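Right, one structure below, let's go through it.
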Amino acid sequence: MSKPSLARGTRDFAPAVMAKRNFILQTIRNVFRKFGFLPLETPAMENLSVLMGKYGDEGDQLLFKILNSGDFAKDIIQNDLEKGSKQILPKISEKGLRYDLTVPFARFVAMNRHDLAFPFKRSQIQPVWRADRPQKGRYREFYQCDADVVGTDSLLCEAEIILMLNEVFENLGIKNFQIKINNRKILSGIAEIIGANGRESELCVAIDKLDKIGREKVEEELLQHHFTSGNIEALQKLFDIPENPEACLSYLENWLNSSEIGSKGIAELEEVFELVSQFGLEKSNIQIDPTLARGLSYYTGAIFEVKALDVAIGSISGGGRYDNLTGIFGLPDVSGVGISLGVDRIFDVMEELSLFPAESLENTRILLVNFDSDSQKACLPILKSLRDNGIAAELFPEQAKMKKQFDYANKKGIPYVLILGSNEIKSGVYGLKNMESGTQENLTIQEIIKTLC
RNA sequence: GAGGUUGUAGCUCAGUUGGUUAGAGCACUGGUUUGUGGUGCCGGGGGUCGUGGGUUCGAGCCCCAUCAGCCUCCCCA
């Protein structure tokens with residue numbers, strides 16, 4: 001017998017946790033559906049030809065590869081062993097676990113281009129796997145929760161995503177959050193203006209850490225990446241940007257007016273902001289943040305990030321616009337914009353702030369005590385009628401001691417117990433015990449159903 | 001990939017300068033008028049001290065290796 005253990009970086013979700021996770025996922029699903037994003041699921045495993053080369057060299061290392069079935073080593077020859085794992089891999093593995101939801105989505109769009117209604121809006125909530133080293137808040141199996149719209153570059157989509165994010169967090173009960181928006185074109189413009197044209201991705205990686213490591217460390221990092229002191233001096237204007245959105249936009253216009261791409265980014269951001277306000281959305285928790293960069297290199301337009309303000313945790317959602325999502329699969333010029341919600345982090349935030357509503361617990365509401373064979377028999381029609389009325393009910397499946405049955409109800413957090421022995425069967429009036437208060441009432445079935453509904 | 005830290009009961013952890021049969025709390029289980037739990041009282045089961053070597057008369061404790069968890073950096077969600 002071997003000791004039971006979990007595979008590294010994986011978790012069980014016990015029923016009590018699942019109830020809470022389902023509340024989050026269901027809330028998100030409902031909002032996605034309301035905005036016209038319909039669910040898509042793709043397989044856990046994809047051909048390695050789909051996955052490899054999409055996430056950089058490091059990404060390929062982090063892919064979980066699946067060994068071929070049967071005699072997976074049959075094609076290996078001595079020469080392969082000498083050349084090492086790179087030579088052997090394609091001979092022993094042709095499939096891998098998906099690393100994110102974006103690449104499988106791109107594959108799906110490219111494969112089904114003739115059947116889909118464009119612009120195509122999809123939501124996708126599934127686990128992904130990474131052979132990363134686990135640490136706090138990072139797992140080898142975790143859920144991604146994405147919504148994207150592809151096949152249009154309308155800025156209405158950006159505005160709708162902001163609206164949607166707003167609704168998700170409001171419905172979850174997270175009141176104090178901030179949606180930050182920026183535009184990659186503005187960052188490109190900044191790179192241009194400070195004389196570091198074409199180096200915006202390095203610039204982004206550094207700037208993205210601003211609120212984490214501070215201004216001086218960012219400057220240090222830029223120097224290490226061979227930005228000149230002239231570059232950095234020209235960048236100083238970035239640190240004095242006003243917070244007020246209108247003031248911020250005109251400050252940027254002034255700073256970047258000689259950069260075509262920068263001006264375009266400002267115009268886009270302005271339009272998104274304008275659209276959001278036309279939706280009538282209270283703008284207090286939307287902030288323009290020109291230092292928001294996000295590490296991912298494929299963003300080309302708007303960038304979003306959501307932070308929970310009452311909890312010391314990173315962002316709980318992020319996303320942006322990307323061009324040419326499906327180009328690698330032979331379908332060029334498809335622009336899209338999407339958002340990804342961090343379910344695990346949202347869970348932590350809600351747990352810390354005690355935001356899970358009691359009714360989200362999905363629990364059995366009443367346990368019928370099983371005394372003896374007569375009592376068990378009398379319970380069956382009652383059980384059915386409770387369930388027919390939508391009440392989650394269960395009968396203890398054995399004729400056990402009351403203590404044992406009460407302990408069961410307590411442990412499972414079942415709020416009511418129905419006591420039904422020979423006396424009750426005769427009278428047709430049953431003992432409904434409230435497990436929290438300890439009080440007990442004698443009621444008919446109809447009265448019990450009424451109480452529990 | 002680099003660094004740090006911790007592995008003792010199902011869980012959280014004590015365990016002295018190395019010295020008899022390794023402890024506690026919680027959990028589990030039985031009893032406490034066999035139709036009333038969660039807060040009482042009494043009892044019980046459960047550990048080759050992560051694994052493999054080494055030092056020693058003697059190792060949970062010291063040394064080496066290895067595996068695993070946790071944390072930081074890189075990167076990411």
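Being a predicted model, the structure only gives us computed values, none of them experimental. Each chain gets a letter, A, B and so on, in the order its sequence line appears, and its residues count up from 1. FYI, side chains are in, hydrogens and waters are out, and symmetry mates aren't considered; it's all heavy atoms of this structure.
The residue A:Gly438 sits close to a base: some heavy atom pair falls under 4.0 Å. When heavy atoms are screened at a 4.0 angstrom cut-off, A:Tyr143 is found touching no nucleic acid atom at all.
Partners of A:Pro39 by side chain to side chain contact (heavy atoms under 4.5 Å, CB included), not counting sequence neighbours, listed by chain and number: A:Ser123. Every residue meeting the side chain to side chain contact (heavy atoms under 4.5 Å, CB included) condition with A:Ala106, not counting sequence neighbours, appears here in chain and number order: A:Leu325, A:Thr326, A:Phe329.
Less than 4.0 Å separates RNA chain B from no heavy atom of any residue of residues 26-34 of chain A. The stretch residues 158-171 of chain A has no heavy atom under 4.0 Å from RNA chain B, so no residue of it qualifies as close.
At a threshold of 4.0 Å, the pair A:Glu394-A:Lys412 counts as salt-bridged, since one of the basic side-chain nitrogens sits closer than that to a carboxylate oxygen. No salt bridge links A:Lys307 with A:Asp289; every basic N to acidic carboxylate O contact stays at or beyond 4.0 Å. Salt-bridge check for A:Lys20 with A:Glu351: passed, with a basic side-chain N closer than 4.0 Å to an acidic carboxylate O.
Side-chain to base pairing of A:Glu424 with B:G35: one donor and one acceptor N or O lie within less than 3.5 Å of each other. At a cut-off of 3.5 angstrom, counting only N and O atoms as typed in the model, there is a donor on one side and an acceptor on the other between the side-chain of A:Gln440 and the base of B:U36.
Within the shown strands, nothing qualifies as a pairing partner of B:A9 under the Watson-Crick or G-U definition with both distances less than 3.5 Å. Judged by Watson-Crick or G-U wobble contacts below 3.5 Å, the nucleotide B:U55 has no partner. The partner of B:G37 cannot be assigned: no Watson-Crick or G-U wobble pair with both contacts below 3.5 Å exists in any strand.
Note on ring orientation: taking the six-membered ring where Trp is involved, the planes of A:Tyr299 and A:Tyr322 are tilted (angle from 30° to 60°). Between A:Phe23 and A:Phe356, the two ring planes are perpendicular [angle over 60°; tilted spans 30° to 60°].
For A:Met402, whose side chain is taken as the heavy atoms from C-beta onward, the closest listed nucleotide among B:G37, B:A77, B:G35 is B:G35.
On the P atoms, B:G1 is 23 Å away from B:C64, given to the nearest whole Å. Separation of the C1' atoms belonging to B:G18 and B:C75 is 45 Å when rounded to the nearest angstrom.
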>> For a quick check, with a 4.0 angstrom heavy-atom cut-off, what is the B/S/- contact string for nucleotides 25-34 of chain B, read 5' to 3'?
In response: ---S--S---

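Side chain of A:Lys404 to backbone of A:Met402: no donor-acceptor contact under 3.5 angstrom is found.
Atom CD of A:Gln440 has more than 12 neighbouring heavy atoms from other residues, nucleotides or ligands inside a 6.0 Å radius.
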Could you go through nucleotides 72-75 of chain B and list every protein N or O atom that sits under 3.5 Å from one of its N or O atoms, giving the distance for each pair?
{"unit_1": "B:C73", "atom_1": "N4", "unit_2": "A:Gln135", "atom_2": "NE2", "d": "3.4"}
{"unit_1": "B:C74", "atom_1": "N4", "unit_2": "A:Gln135", "atom_2": "NE2", "d": "3.4"}
{"unit_1": "B:C74", "atom_1": "N4", "unit_2": "A:Arg138", "atom_2": "NH1", "d": "3.0"}
{"unit_1": "B:C75", "atom_1": "OP2", "unit_2": "A:Lys209", "atom_2": "NZ", "d": "3.1"}
{"unit_1": "B:C75", "atom_1": "O2", "unit_2": "A:Arg138", "atom_2": "NH2", "d": "2.7"}
{"unit_1": "B:C75", "atom_1": "N3", "unit_2": "A:Arg138", "atom_2": "NH1", "d": "2.6"}
{"unit_1": "B:C75", "atom_1": "N3", "unit_2": "A:Arg138", "atom_2": "NH2", "d": "3.4"}
{"unit_1": "B:C75", "atom_1": "N4", "unit_2": "A:Arg138", "atom_2": "NH1", "d": "3.4"}

